[in-house]
Amino acid sequence: MKLGVNIDHIATLREARGTLYPDPVVGALLCEYAGCSSIVAHLREDRRHIKERDILFVKKAIKVPFNMEMSINKDIVDFALKIKPEQSTLVPERRQELTTEGGIDVVSKNNYKRVEKAVKVLQQEGIAVSLFIDPNKKQIEKAKKIGADLIEFNTGKYSEAKSASEIKRELLKVKQAAKFAKDLGFFVAAGHGLDYENVKAIVKIKEIEELNIGHSIICRSVFVGMVAAVEEMLELIS
Ligand code: PXP
């Protein structure tokens, strides 16, 4: 199983003090050295962590593919068209949220049109487009119709589930959705809120081919270092 490491929270630490360190470029290179398959970063509309400059330098520095998480806001799409990440993952975005709160809704007619337009312009520039969606059959069908190259299931609800029955229910949703998406021919990724414990059940879902993980790895790196934190996760998911 592939691992994409999201480096946003290296920039969160930097922004907490307005310093020049820690540098996401150095973090990305260490993740690559540790064996991750891609580097992921989210250029948020409020630029609360990653900035344009980080994306430019990270993309130049790494050899693995760069996956830019992004909203379909015009300025952000234009920036992606300019820097041409190997992949872009479209996510919904609300200013006040602590982190991405759910998948992008492609079932709603209005959203469908807007997302479809963004997918087409990005694909025309050779960028593979992934849609971050909730593990739901209707969303998957619409993602297929839109022509997304890949999909990433939002594991946020599973990660936040507290009781055993809730965890079981949310895990089942991810399992069923992964099977359905794979049968439709999708490359299936998953992510959000995954850590060194809850990832173990997700790894058993054979249809999932890639995990995108950020917060837990960056937090772990504070204690053991970036390379060890990525290696520990790779050990769990391989
Ligand atoms: N995948 C997507 C689409 C996300 O929006 C995020 C959070 O930026 C992640 C994966 C990583 O989530 P976490 O930081 O909780 O591991």
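Order of listing sets the numbers, starting from 1, for every ligand and every atom in it.
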For E152, the atoms of ligand 1 under 4.0 Å from one of its heavy atoms are 1 (N), 2 (C), 3 (C), 10 (C)

Would you call K179 and D183 a salt bridge, using N to O less than 4.0 angstrom?
-> yes

Can you tell me how far the SG atom of C36 sits from the CG atom of N6, to the nearest 0.5 Å?
-> 11.0 Å

Separation of K157 NZ from R169 CZ (nearest 0.5 Å) | 9.5 Å

Give the numbers and elements of all ligand 1 atoms closer than 4.0 Å to a heavy atom of V91.
-> 3 (C)

Under the 6.0 Å and 45° cation-pi test, does K60 pair with F66?
-> no

Is it true that G193 lies under 4.0 Å from ligand 1, counting heavy atoms only?
-> yes

Only one of E232, E197, E231 passes salt bridge (Lys or Arg N to Asp or Glu O under 4.0 Å) with R220; say which it is.
-> E232

E15 pairs by salt bridge (Lys or Arg N to Asp or Glu O under 4.0 Å) with which of K51, R47, R48?
-> K51

Atoms in ligand 1 with a heavy atom of N6 nearer than 4.0 Å = 8 (O)

Any N or O on E69 sitting closer than 3.5 Å to an N or O of ligand 1?
-> yes

For ligand 1, which atoms have a heavy atom of N212 less than 4.0 angstrom away?
-> 10 (C), 11 (C)

Where ligand 1 meets H215 - atom numbers and elements under 4.0 angstrom, heavy-atom basis = 13 (P), 14 (O), 16 (O)

